[in-house]
2 protein chains.
Amino acid sequence: MKEEYTIGKLAKESGVTVETVRFYEQKGLINQPSPKSGYRKYPYDDVIKIRFVKRAKELGFTLNEAKELLQLRVKSDAKCGQVKLKAEQKLEDVDKKIKDLNKIKRSLKSLIQTCSNNESSTSECPILESFEKDKK
Amino acid sequence: MKEEYTIGKLAKESGVTVETVRFYEQKGLINQPSPKSGYRKYPYDDVIKIRFVKRAKELGFTLNEAKELLQLRVKSDAKCGQVKLKAEQKLEDVDKKIKDLNKIKRSLKSLIQTCSNNESSTSECPILESFEKDKK
DNA sequence: CTTTACTCCGTTGTGTACTACAGGGTTTAT
DNA sequence: ATAAACCCTGTAGTACACAACGGAGTAAAG
């Protein structure tokens, strides 16, 4: 866990490509370290940031949303109220996602169960109704 | 809840545009009802399918993955073993997503808490470490 | 001190998921 | 029965998130 990373090492360490790092830099997900000696040096923090972004994307957040999530830390000085508000909104999103994923999970479990008791009478998987129960 | 939908009504009812419906049709997410009388008619089932796809996407599944999830129902005749396997894989995915979302959730909650006790000493939000704890 | 590996910047290409016409035909309402 | 609203097929364009490449400079290893 050194403190200085070249772009290549950063990329490898965080599980993305060099191009992705540069892309994220452009988009402001990590801040550009001005190339002091020709090459840029990145702190270890950026490894963690990029890993976070990677996973956030897999969870259905866009790059911009991931950026917002990242920005929630640090800025808690003057605009604590704003940060709190944003955090609360994100929390709602996250909660809804968890709920819906649990619905899908239950459906999948039930499907696996039905498949195991191989009575298989054109067993309808309830996955389609995942988001229909308790609706309206 | 009628049984026959024109593409426009289907789109409206499922919260997407007409173009999106056609796009999903092309991609095989819903099956093309041959335009018997010049216009196509869709069953109510397609409303539910499209709503499902929509939400699945927000949960980080691709269109193809959503398609796979949809295909898990129905086909449980001969290849029950295959379906079960696929369902089990999806279940793992879903479980991992839920776990990670819970980590983010805890981070957000803690951030909100810190913000509420307005001691705000450059309070570092732990969201960045969401996926770093218990790693390696 | 030269070779090899890595980096720089900029431009272009790729895959996914739509979105917007264009130029028609069909249905429905008045 | 005709105008408005809706549908058809097909093609082209857009936004996001990278990936690949070209041509040149820099760093590190032997």
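None of these values were measured; they are calculated from a predicted model. First the proteins, then the strands, lettered A, B, ... as listed; each starts at 1.
- For the residue pair B:S107 / B:S110, no side-chain donor-acceptor distance below 3.5 Å is found, with atom types taken as modelled.
- When rounded to the nearest whole Å, the span between CZ of A:F23 and P of C:dG13 equals 18 Å.
- The distance between atom CD of B:Q32 and atom C1' of D:dG10, rounded to the nearest whole Å, is 14 Å.
- Between B:D100 and B:K103 there is a salt bridge, since at least one side-chain N of the basic residue sits less than 4.0 Å from a carboxylate O of the acidic one.
- Remark on DNA chain C: of its neighbouring residues B:T62 and A:G8, the 5'-side contact belongs to A:G8, judged by nearest-heavy-atom nucleotide.
- B:R40 has a side-chain polar atom (N or O) that falls below the 4.0 Å cut-off from OP1 or OP2 of D:dT9.
- Atom pair B:K67:NZ and C:dA17:P shows a separation of 11 Å (rounding to whole Å applied).
- Here the side chain of B:E65 pairs a donor or acceptor atom with the backbone of B:T62 at under 3.5 angstrom.
- Proximity of a side-chain donor or acceptor of A:K97 to a complementary backbone N or O of A:G60 within less than 3.5 Å is detected.
- Atom CZ of A:F61 is separated from atom C1' of D:dC16 by 17 Å (rounded to the nearest Å).
- We find that CG of B:L10 is positioned 15 Å from P of D:dC6, with the value rounded to whole Å.
- Going from atom CG of B:L63 over to atom C1' of D:dC16 covers 14 Å, rounded to whole Å.
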Return all side-chain donor-acceptor pairs below 3.5 angstrom for residues 24-31 of chain A, not counting sequence neighbours, or 'none' if the list is empty.
from  : atom 1 : to    : atom 2 : distance (Å)
A:E25 : OE1    : A:Y42 : OH     : 2.5
A:E25 : OE2    : A:R40 : NH1    : 2.6

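- Regarding contacts with the backbone of C:dC18, a side-chain N or O of B:Y24 is found under 4.0 angstrom from either OP1 or OP2.
- No donor-acceptor pair closer than 3.5 Å links the side chain of A:E13 to the backbone N or O of A:L10.
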Do nucleotides 19-30 of chain D as a string where each nucleotide becomes B, S or -: B if the base has a protein heavy atom under 4.0 Å, S if just the sugar-phosphate does, - if no protein is that close. SB----BBS---
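- Within 4.0 Å (heavy atoms only), A:K57 reaches sugar-phosphate atoms of the nucleic acid but no base atom.
- Between B:K12 atom NZ and D:dC6 atom P there is a gap of 8 Å when expressed in whole angstrom units.
- Atoms NZ (A:K27) and C1' (D:dA17) sit 8 Å apart, rounded to a whole Å.
- Taking for each of B:I7 and B:Q26 the nucleotide of DNA chain D with the nearest heavy atom, the 5'-most of the two is the partner of B:I7.
- Considering every non-hydrogen atom in both B:A87 and B:L72, the closest pair reads CA-CD1, 4.0 Å.
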